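What follows is a short report on a single structure.
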Amino acid sequence: MPTREPGRPQGRHTSARMPARRSAGDVLAGLAALVVLVALVGGVPYALLTFIGPPLRPELLDLETFTSRVGPSTIVAVLVLLVWLAWFQLFACVLVEVYAGVRRVGMPARVPLSGGTQALANKLVGAVLLLFTTGAMLAPIAKLTPTPAAPPVTAVAYSAPIVEKTLETNKTKKVYVVQPPHGRHHESLWEIAEKCLGDGRRYPEIYRLNQAKAQPDGTRLKMADLIRPGWVLDMPDDARNVHIVPVDQPRDQTLREHPGRAQVPDDGRAHAEVEKEKRGSAKHRLPEQQDQRRQEAEQQPIVRESQNNELVEYLAGASLAAAGLLLVLARRRREQLWRRVFGRRIARPRGDAAEAEVALRLGGDAPGARILDVGLRVLGAELARQNRTPPIVYAAHLSPRTLDLWVHPPDPDPPAPWTAEDGGQVWRLPAHEGRLLPDRTSPWGARAGDHDHTQPGGAPYPGLVSIGTNVHGRVLIDLEAAQGLINVRGPQTTAALAALAVELATNRWSDRMRVTLVGFGEELTAIAPDRIRAVGGLAEVLPELEAAAAPRREVLTGRISGSPRDAHYLLSAVAPTHEEARRLALLARRDTAGYVVAGDVPHATWTLEITDDGKAKITELGFEVDAQLLPRRHYRALVELFRTAGRLDGEDIPEADPLPGLHPPAVEIRMLGPIEVLGLGPLEDGRLALATELLVYLATHPGGVHPVVLGGVLWPRGVQDLVRDATIARVAEWLGPRHLLTDEAGRLRLGPEVRTDWALFRELVRRSHGDRMARAVLLEKALGLVRGPLLTGRPPGRYAWLAAEDLEYDVAAEVADAAHQLCEIRLGQDQPDAAVAAVRAALLLAADDEGLWRDLLRATHATEDVVRLRAVVEGLTRRAASHPYGGGMAPETEALIEELLPTWRIHVVRESSA
């Protein structure tokens, strides 16, 4: 079955490409271009000198000309001067384009006030160079002819009689007005697609047509799961049961002229369809990401508001930034655990900060970030081994299937496993090949934000950063490849700069990194203090930047050969003065750093425009994508999340509710290790994971959960009510009527005969506090329930709700505390082996709790077996050096090792040498 090549970022302008081999047409075009160039560069000045004269005629050299009456000769002299100036401009453009093409320096420099002239020179010089080499390429400024726009695909709900009339599509459009609710029934995009397009599965067409368009009530369609009565939705051309209105008619006027419900044949079918849907007709059951009708929930006082969907929309969508943020956050949590004290759990986020972490867990693309990281490092290492200079990478496209790099100059021979596409203009790494590349150690070194240099090669392109997404995947640009200023402008400039800053500061595919933020982002130092600094104005940093400038080729070569310099990027929300813009432009042309500056900057090489409807455009590269933004609310949520992760005081652990007894339950949900549900019959594999997560959530919320809240937890991106209700019904049937109960408010809760191993653990620990004689036995029984990390085997992308709950924090702290108590008891009873067993049981779940490792060191030392102690020290040292979150080990742990095994460093050195 043929496969379709992943599409490239598409925009209104597309980059002009030059084929790898010369055809007859290329030769003819090149010869014609050569003739035209010779005529323009040499023939025009020859003709001017022969028939008209020099640029400055005598009339213009006479000072009296400017004070006396202007005659015909003076006008002719001025016109001659203008013609000469036009030729000089063309000549300058040709020189710039020839230099860029021959030297292969990347994007050609921009000649001021020469847009069309330089584009012409670009095409002529490119055609001529193609005569002499197949590898030469001029990075185009942009094609002058825009690609034809795709037909609009907007979504609208209808409200009035059918108008059977054929009108020209350039003068009219079809719209639908969303109807008010009928009882408890609300319209969805699926229903509108089914009613107007004949197939509910076509609802994405309506969504795309209307996404982010202003509606009469001032709001915009941001997610397919929520439409409101009175919205006017644009419809595809083949829609039925719609209104036909002038294409430029305002939406509020459409609403005034077409109020009320659209007239459809009243044969009882519409009512039957509604009733059929209420009964759960399979015809309307959607995948999890499709429509969810939440309007009913808004009338329920017990229901959580859906405002956090906006956090999910932005933060989960920034998949690479989310992966980097989660990695740094995990490192901070590990440092919190270094200093956790007995009886306290580490501080956890709340409110928007907690919802931000939920969004990050939902959207984080760790596999994609790893492919970028390791794939680029392997590429750099192979180029270094072959003594090849790395090409300029001006953009990248990451999809589930491939990682594509747009390189300059084109090269048809990339190192394996990379392959060449489009005559060497694109280097491609298939995702399945990327997953097989070796990942030797942690992506984070000893300091937060520093990369471990034992990775397979240095980081050749640390300036790659996401600007947004298209239908095929994520689009990145290399800030260094512009070789000049990048101008960002539009109504959401600061949100775009903040998104760039966060991803740069946390990405895996860089080594040493510095990001200077001008006029914003001081709070972002809470996320990556070793990478980010904030200053008030450009004047504070310009002298330093000018002193540290370094040629690009030297830096690229140093990165792949193992002697990298710090990568440096400046993001300024402050528009520069004329003098600052001039200095920045000169600096950016000779420096390898990246400079992104807000305001109207005349010297910019690229312009990143953020439009009102959330698009990011770079005309010079031909990109138009859905912009990656970090609005103010999301920005504050991330900052608060990392501030919380920096708190070392901890929080009290809430007391557990007592269990009525310890008799075996009818149904047991095991969470302290691999997820298991015991006591129930089989369920289809495709439905078991979701059903189990539903049970886990209900089990950890014994007070009950409303179905609407449960739907928002299990399907945070939205789901139709019918899917939610069908899932709950399926779980109720699986459990049986005794084990899933509903209270008067409609909340669901598990019956008393359903129990978790976590509840049993807490009950055993609680009873140990009141029974001194049986304390050790009860603690051993509790720790015997631990089989591995919490909820091992959870599917990717699920259980993100844990980030906003106490469960993870409580479990890790209480398991570690129980092991510490038992270790102390057994050591006091001179039973060091039992103490070691207690600690090792807890380490199965709380492996990052440094207090447990210190307990293990003390208990092993008490066995008086030096060989055994040395094995523990060596294992702990290796684990700290290769920990996925980096950071080494806590100072208190190192001090304890020094006390118990003074010669440990010698053995570590020998081990590493071997």
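None of these values were measured; they are calculated from a predicted model. One-based numbering along the sequence shown. The figures that follow rest on heavy atoms only: side chains count, while hydrogens, waters and symmetry mates do not.
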Would you give the length of the straight line joining atom CZ of F623 to atom CD of E609, rounded to the nearest 0.5 angstrom?
16.0 Å

By side chain to side chain donor-acceptor pair (under 3.5 Å), which residues pair with D626, not counting sequence neighbours?
K615

Once side chain to side chain donor-acceptor pair (under 3.5 Å) is applied, do any residues pair with R583, and if so which ones, sequence neighbours excluded?
E546

Can you find a heavy atom in the side chain of V465 that is under 4.5 Å from one in the side chain of N507?
no

Is there a side-chain contact between V639 and L524 in this structure, where contact means two heavy atoms from C-beta onward sitting under 4.5 Å apart?
yes

Strictly distance-based, threshold 3.5 Å: is any side-chain N or O of S399 a donor or acceptor partner for the main-chain N or O of R401?
yes

Closest heavy-atom pair and its distance - S319, R474
OG-NE, 3.1 Å

Is the backbone of E808 close enough, under 3.5 Å, to the side chain of R348 for a donor and an acceptor to pair up by distance?
no

Determine whether a donor-acceptor pair (N or O, by modelled atom type, separation under 3.5 Å) exists between the side chain of N487 and the backbone of D600.
no

Are P891 and W338 packed together at the side-chain level, in the sense that at least one heavy-atom pair is separated by less than 4.5 angstrom?
yes

Are side-chain heavy atoms of I527 and L329 found at a separation under 4.5 Å?
no

Please check: side-chain N/O of Q492 versus main-chain N/O of P631, any donor-acceptor pairing under 3.5 Å?
no

Partners meeting salt bridge (Lys or Arg N to Asp or Glu O under 4.0 Å) with R533 (sequence neighbours left out):
E544

Quick test of your reading of the model: are R333 and D848 salt-bridged, counting only N-O distances below 4.0 Å?
no

Full working for side-chain contact (heavy atoms from CB on, under 4.5 Å) between L571 and L517
CA-CA 5 Å; L571 310 178; L517 308 180; 3.9 Å; yes

Let me see the working for R361 and E357 under salt bridge (Lys or Arg N to Asp or Glu O under 4.0 Å), right down to the final yes or no.
CA-CA 6 Å; R361 294 192 187 190; E357 185 174 350; 2.9 Å; yes

Could you tell me if the side chain of I486 sits less than 4.5 Å from the side chain of L479, heavy atoms only?
yes

Set of salt bridge (Lys or Arg N to Asp or Glu O under 4.0 Å) partners for E894, sequence neighbours left out:
R905

Is the shortest heavy-atom distance from the side chain of Y635 to the side chain of T494 under 4.5 Å?
no

Under 3.5 Å, is there a donor-acceptor pair between the side chain of W427 and the main chain of D411?
yes

Heavy-atom closest pair, residues A803 and P349
O-CG, 4.3 Å

Heavy atoms, side chains only, cut-off 4.5 Å: are V393 and L376 in contact?
no

With sequence neighbours left out, write down each residue that passes side chain to side chain donor-acceptor pair (under 3.5 Å) with E382, or none if nothing qualifies.
R385

Distance (rounded to the nearest 0.5 Å) between L504 CG and R514 CZ
13.0 Å

For salt bridge (Lys or Arg N to Asp or Glu O under 4.0 Å), just list the numbers for D530 and R512, CA-CA rounded to whole Å, side-chain angles, deciding distance to a tenth of an Å, and then say yes or no.
CA-CA 9 Å; D530 292 327; R512 296 180 303 213; over 6 Å; no

Is there a donor-acceptor contact under 3.5 Å from the side chain of R647 to the main chain of Q336?
no

Assess the residue pair L372 and L403 against the criterion (side-chain contact (heavy atoms from CB on, under 4.5 Å)); give the C-alpha distance rounded to whole Å, side-chain angles, the decisive distance to 0.1 Å, and a yes or no.
CA-CA 7 Å; L372 259 171; L403 168 60; 3.8 Å; yes

As an exercise, state the distance from OH of Y394 to CG of L405, rounded to the nearest 0.5 Å.
11.0 Å

For side-chain contact (heavy atoms from CB on, under 4.5 Å), just list the numbers for I610 and L608, CA-CA rounded to whole Å, side-chain angles, deciding distance to a tenth of an Å, and then say yes or no.
CA-CA 7 Å; I610 309 299; L608 173 59; 4.1 Å; yes

Say you draw a straight line from CG of L629 to CG of L497; how long is it, rounded to the nearest 0.5 Å?
10.5 Å

Taking all heavy atoms of T605 and all of G484, pick out the closest pair and write down the distance.
OG1-CA, 3.3 Å

Using modelled atom types only, decide if a donor and an acceptor are shared between the side chain of R332 and the backbone of L327 within a distance under 3.5 Å.
no

If we only count heavy atoms from C-beta on, is the E640 to D352 side-chain gap below 4.5 Å?
no

Can you tell me how far apart CG (L641) and CG (L315) are? Round to the nearest 0.5 Å.
9.5 Å

Could you pull out all residues at least two apart from R435 that satisfy side chain to side chain donor-acceptor pair (under 3.5 Å)?
none

Nearest heavy-atom approach of L326 to L360 is CD1-O, 3.4 Å

Could you measure the distance from the CE atom of M889 to the CH2 atom of W853? Nearest 0.5 Å is fine.
9.5 Å

Show, in sequence, the C-alpha distance, side-chain angles and deciding distance for D511 and R377, and conclude whether the side-chain contact (heavy atoms from CB on, under 4.5 Å) test is met.
CA-CA 10 Å; D511 291 329; R377 292 176 187 279; 3.0 Å; yes

Taking E850's backbone N and O only, do any of them form a donor-acceptor pair with R340's side chain (distance below 3.5 Å, no angle check)?
no

When you check the side-chain N and O atoms of Y569 and E480, is any donor under 3.5 Å from an acceptor?
yes

So, for L383 and P415, which heavy atoms are closest and what is the spacing to 0.1 Å?
CD2-CG, 3.7 Å

Would a distance-only check, ignoring hydrogens and angles, find a side-chain to backbone donor-acceptor pair under 3.5 Å from W509 to I371?
no

Taking E580 for the side chain and L538 for the main chain, is one N or O donor matched with an acceptor at less than 3.5 Å?
no

Where do P576 and A598 come nearest, in terms of heavy atoms and distance?
CD-O, 3.6 Å

